[in-house]
Amino acid sequence: MKYCSTRGKVSGLDFTEAVMMGLADDGGLLLPESIPELSPNDLQQLSKLPYPELAFQVISKYATDVPESDLKELIDRSYAEFEHPQITPVVKQDGLYILELFHGPTLAFKDVALQFLGNLFEYVLAKSDQRMNILGATSGDTGSAAIYGVRGKDNINIFILHPKGRVSPIQELQMTTVTDKNVYNLAVEGTFDDAQAIVKEIFGDLEFKELHSLGAVNSINWARILAQVVYYFYAWFQVSSKTGAEQINVAVPTGNFGDIFAGYIAKRMGVPINQLILATNSNNILSRCINTGDYSIADVHHSLSPSMDIQIASNFERYLYYLLDCNAKKVVLAMDSFKNNGNLEFTDAQKERLRKDFSSSSIDDNETLETIRSFHKKTGYILDPHTATGIAVGEKNSDSSCPLVCLATAHPAKFGDAVQKAIGLDPELPAAFVGLEKRKKKVITISADKEKIKKYISSNSI
Ligand SMILES: *Cc1c(COP(=O)(O)O)cnc(C)c1O
């Protein structure tokens, strides 16, 4: 399988080259040249496999330059870190199916991808005798999942900037209690936007980037999307064997369009998904786009589901490439227009296709709280605010012909404040997180000053 950029200037890459490139050198996003389609018979063959074996079957169709035995070992090692034997189990509550994606080391769905990506990076670096310094800014979930993905790995150091005192206490502890020598936590005196802007500027300094082999772990990396495709297969197998259904509807709480794009790929590969339901909070650019064709940027609102407080959904460009009939020139024009005018224009035919590919709506914080409250009352099951967004929007949009599967993207204990606000209870912390506050910490406080941060990286880079 070869990879090409949505903007047309990069092509013919192998899988591992695409993974190491991250963002394409022409500013676009990398996609496989084709999407393998599975027949119902092929699906049947995969339906009984344990998660890691299923992951191998799906990923190996795209990672064709990694020898099979190596890939298998990488995948097995990645999912051995999950505390549930099924990795991503499906539970039935209130007539719908919850796909629990939060059984990894940092209790959010990002572990499914970042455990794999960390091992993959280490593998490729060792083979090519290279090293990498990962740099990223986080508002919470990505940073901890990335740190857990690469802690203790050879030839990789990781520098994660978080806004000091502005991530949830458990998110902060998850990051700062990792004391491995390759992990550097920087508590930046500023906001997330300050930290993010500094990271962008540092990546823009190409000399510095090259000198320190800077790498990124954000959700534009194809390997992250690919690892997430697997659990759509898994959900389908679980729910169809329980219900005999011929298709499922899937509701996905989305910010960066990453997780829902993985669902789109799974559907194109042959997973019988009827509706793909995209759920947003009040940062609703994506649901506006689907319902009215209005893809115009607005200010970021802070919500109770902070991991979806995003206006520029970087992975949307991947879908756009298909919507524009794989015409890279059209993608370049569209992205230029978005950059210059803050919006994208669609033809009537494109709007129709958007509505055919996705159903969508958004809910505000009140509805999020109300959903956590009513769901808990009916079932005793506690939802995190992101998952609640998916469930509320899923129930509103799902036609009744198929079972509804809702992706649970975080453990409720990770967003205890919202849960407390909704139901007056603190969700129980999984055993591995009890007493976290007593552990040794590794973090430095640093001002929101690009030069100071570069100096820190220079003196600690591998
Ligand atoms: C990152 C995140 C999301 C959004 O995922 P995207 O891939 O950006 O769509 C949703 N919920 C939680 C808990 C997250 O951490």
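These numbers come from a predicted model, not from an experiment. Indexing begins at 1, ligand by ligand and atom by atom, following the structure's order.
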Inset, instruction - Determine yes or no for a side-chain-to-main-chain donor-acceptor pair under 3.5 angstrom, with Asn274 supplying the side chain and Ile248 the backbone. - result: no
Inset, instruction - Answer yes when Glu370 and Arg373 have at least one side-chain N-carboxylate O distance shorter than 4.0 Å, and no when they do not. - result: yes
Legend entry - All pairs passing salt bridge (charged side-chain N to carboxylate O under 4.0 Å, His left out) where residues 275-304 contributes a residue, at least two apart: Arg288-Asp294
Inset, instruction - Give, for atom CZ of Phe338 and atom OH of Tyr295, the distance between the pair rounded to the nearest 0.5 Å. - result: 5.0 Å
Inset, instruction - Identify, chain by chain and in numerical order, each protein residue with a heavy atom under 4.0 Å from an atom of ligand 1. - result: Phe109, Lys110, Asp141, Pro253, Thr254, Gly255, Asn256, Phe257, Gly258, Asp259, Ser307, Met308, His386, Thr409, Ala410
Legend entry - Residue pairs, two or more places apart or on separate chains, that pass salt bridge (charged side-chain N to carboxylate O under 4.0 Å, His left out) and touch residues 256-280: none
Legend entry - Where at least one partner belongs to residues 85-96, residue pairs that pass salt bridge (charged side-chain N to carboxylate O under 4.0 Å, His left out), sequence neighbours excluded: Asp94-Lys378
